[in-house]
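First comes the structure, then the notes that go with it.
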Amino acid sequence: MGSDLHASTILAVSVRVRMAPSPTGYLHIGNVRTALFNWLFARHHGGEFRLRIENTDTSREVAEATGQIQDSLRWLGLDWDGPVTFQLDRIDLCRQRAGALLEAGLAYEDDGAIRFRMPEEGTTAWEDLILGPVEVRNATIEDVVIVRSDGRPTYNFASPVEDAEDGITHVIRGPDHVSNTPKQIQILRALGAPVPVYAHSPNVNGDDGRKLSKRHGAITVDEFRTAGYTPDALVNYLALLGWSYDDRTTLMTRAELVERFTLERVGTSPAVFDYRKLDWMNGVHLRGLDPEVYASTLVAFLRERGRSWDEELVRRSAPLVQEKIVRLGEYESFAGFLFEEPELREPELLDAAVLTPAVAALEEVRPWNAAGIEKALREVAAGLALKPREAFQPIRVALTGSRVSPGLFESLELLGRERALTRLRAVAAG
RNA sequence: GGCGCAUUCGUCUAGUGGCCUAGGACACCGCCCUCUCACGGCGGCGGCACGGGUUCGAAUCCCGUAUGCGCCUCCA
């Protein structure tokens, strides 16, 4: 047995937690929240955060999902310690432990499977770091199958065996595991292994109060990534789902989250994932980026999406959109007119009475910059006795195809004299 | 059905018996700023699930009811 080894590692590391996802598909945002709590807890205490894949076979799907999970965690910045471990590699260990329980009379065979003998009387209780004291009468718990008749260990057996093997000190997981906990505690005790401290976080639900699923919107890390959310914003938002620092702090950096996170301040009631608040928070994080960093982030984002737009122009346009868009994914529809001819969806908003004199005035602008353009266009508006907003809207629509756009004068400058004038002339004539 | 957990503005939450005629944030509404949008500023709407206790005093403690969620798989 490795109990001596466990004792020494536990002494060396005061806190060791793990995330133990099953490799079925992409990383779900609810699991990420749980992973985040584990990660914050570990980093806050200077402990370790381990990644353990609860695979039960080695199919290609599993290999893909395993890679996806790691990519997503890396993108989020949730780094783990030590190697990734796999449940499948612990099968022999589990069988050996099951054999020991069998010999000790603490488990018995049942139609080829092995069942753990739960105590028939008394209660199993634990002090949950989030829920507080929880107590379950043993009589209500059935003898759980720990090894199937085909020889594979079940989750409720493999999980505690692995926790013991890995020297896990705190098990922080979702609320769906509350009723598994007394079973796992009894198994651990029967094994003579240390029982970790448990903490069951509340659920994250959709706006109908039910489990977060596809129909609520984005649910996998990958979807948030391609929509243009930043890891820092997502982490900030997720941290606040079930946890709070005080009565007023909502915007926090990663370092602040690590410094401030404690399980004591994790609540007990389920939270609803609010995409609108995430959007707001993402906008705040985006606006807070250094302009250079923002531009590079935008370039990388577009490249990842397969856009081959001129990088120089993207960079020059970045400051114009940084204050305006809330997700990087909005850039394409918001600033796409800089790279491609826009589609004129609302031709009724065009007005030749404005466009014709505007083109004439712009032809005289030298040098071609936002200040000169603004001066010229304001004079056109004044000459037509129009309010600036009335005069500029047809020009905006002609230029960008939309009534919502980055600043008009800056947009004209960026597009360049020839392209801008050509486009405006074509629309004015048409 | 059994067991467990939960229940403060639409949403995330603060609140651990008097500081609460319940605070903050998002959303929403109005006004201001303004070339659109966004940002920003100011203001507004809006909540302790219900019923009993305990207490001088309850959002906070106890009991019950209702509702929701989870588990009750040789799934994880």
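Chain identifiers are assigned alphabetically (A, B, ...) following the order of the sequence lines, protein sequences preceding nucleic acid strands; residue numbering begins at 1 within each chain.
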Might you confirm whether atom CD of A/E340 has over 12 heavy atoms from other residues, nucleotides or ligands at distances under 6.0 Å?
->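 Correct, the count exceeds 12.
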Please determine if a side-chain N or O atom of [X] lies less than 4.0 Å away from the OP1 or OP2 oxygen of [N].
X: A/R389; N: B/U34; answer: no
X: A/R148; N: B/C75; answer: yes
X: A/R52; N: B/A76; answer: no
X: A/R210; N: B/C69; answer: yes
X: A/S244; N: B/A14; answer: yes

Scan every strand shown for a Watson-Crick or G-U wobble partner of [N], both distances under 3.5 Å, and answer none if you come up empty.
N: B/G1; value: B/C72
N: B/A14; value: none
N: B/U67; value: B/A6
N: B/U54; value: none

Between B/G18 and B/U60 - C1' atom distance, rounded Å =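 It works out to 11 Å between them.
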Pairwise P distance for B/A66 and B/C19, with rounding to whole Å =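 Nearest-Å result for B/A66 against B/C19 at atom P: 33 Å.
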Is there a donor on the side chain of A/R287 or the base of B/C39 sitting less than 3.5 Å from an acceptor on the other?
->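 When only heavy-atom distances are counted, A/R287 does not reach the base of B/C39 through any donor-acceptor pair under 3.5 Å.
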Determine, stepwise, if the pair A/Y155 / A/T56 fulfils side-chain hydrogen bond (donor to acceptor under 3.5 Å, both in side chains).
-> CA-CA 9 Å; A/Y155 165 79; A/T56 47; over 6 Å; no
Remember a base hit wins even if backbone is also touched, and classify A/T56 as base, sugar-phosphate or nothing at under 4.0 Å, heavy atoms.
->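 Sugar-phosphate contact only - A/T56 comes under 4.0 Å of backbone atoms but never of a base.
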Among [options], the one nearest [X] by side-chain distance:
X: A/R276; options: B/C26, B/C3, B/U36; answer: B/C26
X: A/V272; options: B/G15, B/C12, B/C35; answer: B/C12
X: A/R248; options: B/C3, B/G23, B/G4; answer: B/G23

Does the side-chain ring of A/H177 sit on the six-membered ring of the B/G70 base, less than 5.5 Å centre to centre and under 30° in tilt?
->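 Check failed, A/H177 does not stack on base of B/G70.
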Check: A/Y275 ring centroid to A/Y237 ring centroid under 6.0 Å =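 A/Y275 vs A/Y237: aromatic centres not under 6.0 Å.
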